[in-house]
Amino acid sequence: MRTTELLAPTLREIPAEAEVISHQLLLRAGFIRRETAGVYTYLPLAMRVLKKINQIIREEMDRQGGQELLMPIIQPAELWQESGRWDVYGPELFRLKDRHNREFALGPTHEEIITALVRSEVSSYKQLPLLLYQIQNKYRDERRPRFGLLRGREFIMKDLYSFDRDYEGLQISYQKMHEAYTQVFRRCGLRFRPVEADSGAIGGSDTHEFMVLADSGEAVVLFCRKEGCDYAANVEKAAQVIVAAGHGEEPKLLSEVSTPGVHTVEEVSAFLNVTPQKIIKTLLYETEKEVVAVLVRGDREVNEVKLANALGCLHLKLSGADTVRSVTGAQVGFAGPVKLNVKIVADLEAATIVNAVTGANKDDTHLINVSPARDFSIDIVADVRMVQAGEPCPRCGEALIEAKGIEVGQIFKLGDKYSKALGAFYLDESGQSRPVIMGCYGIGVTRTMAAAIEQNNDKDGIIWPAAIAPFQVVVVPISVKEEQQMAAAEDVYNRLIAAGIEALLDDRPERAGVKFKDADLIGYPLRVTIGAKSLGSKQVEVRVRKTGEVLMIPNDELENRIGELLGGL
RNA sequence: CGGGAUGUAGCGCAGUUUGGCUAGCGCGCUUGCCUUGGGAGCAAGAGGCCGGGGGUUCAAAUCCCUCCAUCCCGACCA
């Protein structure tokens with residue numbers, strides 16, 4: 001391919017709409033253009049990258065026994081009503097009607113379709129297990145599409161569904177996908193971690209998210225710093241380790257103190273001269289069923305995902321000032337568990353604090369020397385708080401480290417949720433009808449492309465890992481008017497192509513600086529420069545994008561050395 | 001959905017406060033000359049429903065109403 005034939009419109013300035021680096025660079029380097037919020041056209045350079053990622057995915061899925069198919073994007077409402085998700089999925093589901101006023105959804109995911117397929121085509125244990133996947137556009141009407149390709153409304157996703165006879169089979173399929181995903185992201189040249197994640201109030205037991213570590217990530221992950229310990233979890237999931245309370249403290253006399261205008265933990269701590277560790281923070285939450293009081297230590301934060309799981313509720317929200325007053329009788333900042341007439345959920349840690357400070361459910365008043373059991377009863381004790389960096393690893397006890405991550409993949413054990421809802425049963429050897437046991441496994445392809453940029457860039461532009469670069473080498477003649485240079489450039493280009501290396505010849509009649517800037521911006525791993533400097537010599541000048549290093553390679557070793565270099569990038 | 005901001009040429013912006021000459025600048029684009037190892041220079045050009053609609057006015061990019069779009073923060077996210 002020659003640059004004069006390639007549609008790769010680079011921009012000198014950063015479009016005002018782009019905030020995160022991957023979005024800026026994808027626009028500037030001519031990979032994507034926005035059509036409307038969260039919807040993009042992928043230009044030829046992006047398409048080449050996506051094809052490579054897809055190819056890697058296909059190879060790894062197929063290696064594990066996956067079979068590719070293609071399902072419809074337009075899905076009938078009836079199927080979604082059958083699974084119950086027509087209502088549950090909410091406004092995020094794009095809906096449309098046909099000319100007969102029949103309702104449809106644009107597929108945000110394909111559990112319904114694939115389960116419907118399996119229920120009609122699979123009827124015997126002999127047909128199981130099955131691993132079926134597709135790579136296709138997905139549609140989710142995000143409330144707030146943002147960050148370019150990191151959160152779009154239309155995006156490309158690989159989704160695989162596993163069908164097994166039982167949970168043991170599911171475990172095997174799950175492990176296969178765990179391995180496949182590890183290989184996919186490794187081959188894409190990404191620094192990532194599989195992390196334990198929360199599976200939600202309903203649904204399967206296990207789930208892992210594959211996180212690309214990057215500061216722009218929306219997810220917070222905690223992982224163990226100890227070499228060899230592979231504990232890593234989404235902050236929503238990370239379990240707290242109970243450090244032995246250790247205070248064999250005797251409960252002292254409960255008493256009330258006046259604390260005018262002292263609301264926050266910091267204020268209480270300073271005013272009463274107690275550490276936040278001795279304060280029990282009481283927060284009121286409303287679920288679809290009830291109001292609950294949640295107790296956590298003063299220096300901790302409530303983890304709403306864990307809380308929802310502990311309560312077995314679907315929706316959860318922090319109560320407003322009105323509810324707080326009607327439940328506690330006091331303004332916000334003075335709630336406490338003593339004599340409070342709602343369900344009380346205490347965090348594991350908070351439940352052990354003796355002689356604590358709490359709100360008194362009375363304006364401008366706190367209680368001191370509050371002790372659980374004696375002064376109030378707890379309905380549920382559970383891990384309902386956020387774990388913070390520095391806390392012990394649940395597996396080995398070493399300190400946890402916090403990092404931001406971009407979720408590029410998730411593997412999930414569904415169990416029989418969809419097979420039962422949609423009626424996908426098979427007959428076992430004894431002729432008994434059983435639900436197919438399912439798993440689902442997604443990779444955000446377009447998000448992976450953006451994540452790769454988030455992780456691999458510098459002030460000059462993108463630095464593609466060689467495996468997914470749009471072209472592996474760009475050949476730049478300094479002056480296309482110099483016949484000798486052009487002839488040399490053509491020769492190098494042809495040799496690289498013949499050697500199976502994806503080369504691009506920058507034959508534009510531009511000045512060298514312009515071509516260099518574009519090459520850096522687009523991020524080809526290697527650049528071969530053909531100019532007066534090296535023309536007469538027996539060496540070819542090769543520059544490594546990642547390091548800026550310039551190598552003089554003997555002409556007759558060119559193909560081999562470039563192949564070697566690419567292998568290391 | 002709550003809060004904030006912005007819509008003027010392909011991109012980045014000025015002009016709007018205080019209505020008034022033919023709507024500007026930089027980059028990019030076209031043509032020519034010149035130049036050619038990190039976004040050169042000179043010259044001549046093309047390119048605008050000033051987001052849409054309605055209103056006020058002798059006169060609207062500018063004031064008013066309304067709709068739309070885009071971005072940011074938050075909430076939300078199988």
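Naming convention: chains lettered A, B, ... in sequence-line order (proteins, then strands); numbering from 1 in each chain.
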Does OP1 or OP2 of B:rU70 have a side-chain N or O of A:T36 closer than 4.0 Å?
-> yes
Looking only at side-chain N and O atoms, does A:R12 come under 4.0 Å of OP1 or OP2 in B:rG28?
->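 Indeed, a polar side-chain atom of A:R12 lies that close.
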Could you check whether the side chain of [X] and the base of [N] have a donor-acceptor pair of N or O atoms closer than 3.5 Å, going by distance alone?
X      : N      : result
A:R543 : B:rG38 : yes
A:R511 : B:rG41 : no
A:K515 : B:rU36 : no
A:R151 : B:rC77 : yes
A:R28  : B:rG39 : yes
A:R140 : B:rA78 : yes

Quote, to the nearest angstrom, the [atom1] distance that separates [N] from [M].
N      : M      : atom1 : answer
B:rC25 : B:rG47 : P     : 15 Å
B:rC42 : B:rG26 : P     : 11 Å
B:rU16 : B:rU57 : P     : 24 Å
B:rU30 : B:rC67 : C1'   : 38 Å
B:rA69 : B:rC63 : C1'   : 23 Å
B:rC13 : B:rG3  : C1'   : 27 Å
B:rU17 : B:rU22 : C1'   : 25 Å
B:rU62 : B:rA14 : C1'   : 14 Å

Opposite nucleotide pairing with [N], Watson-Crick or G-U, both atom distances under 3.5 Å:
N      : answer
B:rA69 : B:rU6
B:rG12 : B:rC25
B:rG41 : B:rC33
B:rG74 : B:rC1
B:rG47 : none
B:rA60 : none

Quick check for you: among [options], whose closest atom lies nearest to any side-chain atom of [X]?
X      : options                : answer
A:A37  : B:rC76, B:rG37, B:rC71 : B:rC71
A:T529 : B:rG37, B:rG12, B:rA78 : B:rG37
A:R144 : B:rG74, B:rG37, B:rA78 : B:rG74
A:R34  : B:rG37, B:rC71, B:rC76 : B:rC71
A:E17  : B:rU70, B:rG26, B:rC76 : B:rU70
A:L521 : B:rG39, B:rU36, B:rG37 : B:rG39

Using whole Å, what does the distance between atom [atom2] of nucleotide [N] and atom [atom1] of [X] come to?
X      : N      : atom1 : atom2 : answer
A:R527 : B:rG37 : CZ    : P     : 13 Å
A:K481 : B:rA40 : NZ    : C1'   : 13 Å
A:L149 : B:rC71 : CG    : C1'   : 16 Å
A:L11  : B:rG28 : CG    : C1'   : 9 Å
A:I14  : B:rG39 : CD1   : P     : 18 Å
A:E510 : B:rC27 : CD    : P     : 15 Å
A:L535 : B:rG37 : CG    : P     : 14 Å
A:R146 : B:rC71 : CZ    : P     : 11 Å

First of A:P145 and A:T109 reached from the 5' end of RNA chain B, by closest nucleotide | A:P145
First of A:D520 and A:R153 reached from the 5' end of RNA chain B, by closest nucleotide =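 Its nucleotide being nearer the 5' end, the pick is A:D520.
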Residue among A:D383, A:D347, A:D198 satisfying salt bridge (Lys or Arg N to Asp or Glu O under 4.0 Å) with A:K306 | A:D383
Specify whether A:Y174 and A:Y441 have parallel, tilted or perpendicular ring planes, treating 30° as the upper limit for parallel and 60° as the lower limit for perpendicular.
->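 Geometry flag for A:Y441 against A:Y174: tilted rings.
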Can you label the angle between the A:F185 ring and the A:F210 ring as parallel, tilted or perpendicular, going by 30° and 60°?
->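 Because their plane-to-plane angle lies in the 30° to 60° range, the rings of A:F185 and A:F210 count as tilted.
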Ring centroid separation A:F31 to A:W464 under 6.0 Å | yes
Just call it for A:L27: base, sugar-phosphate, or nothing, with non-hydrogen atoms closer than 4.0 Å on any strand.
->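 Since no nucleic acid heavy atom lies under 4.0 Å of A:L27, the category is nothing.
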When all nucleic acid strands are considered with a 4.0 Å heavy-atom cut-off, which category describes A:K317: base, sugar-phosphate, or nothing?
->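 The residue A:K317 makes no contact with any strand.
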Would you say the side-chain atoms of A:S534 and A:Q539 include a donor-acceptor pair closer than 3.5 Å?
->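 Short answer, no.
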Pair A:N555, A:R495: side-chain N/O donor-acceptor within cut-off below 3.5 Å =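 Indeed, the side chains of A:N555 and A:R495 share at least one donor-acceptor pair under 3.5 Å.
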Just how far is it from atom CD of A:E68 to atom CD of A:Q136, taken to the nearest 0.5 Å?
->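 If I round to the nearest 0.5 Å, the distance is 10.5 Å.
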Can you spot which of A:K515, A:Q485, A:E541 makes a side-chain contact (heavy atoms from CB on, under 4.5 Å) with A:V476?
-> A:K515
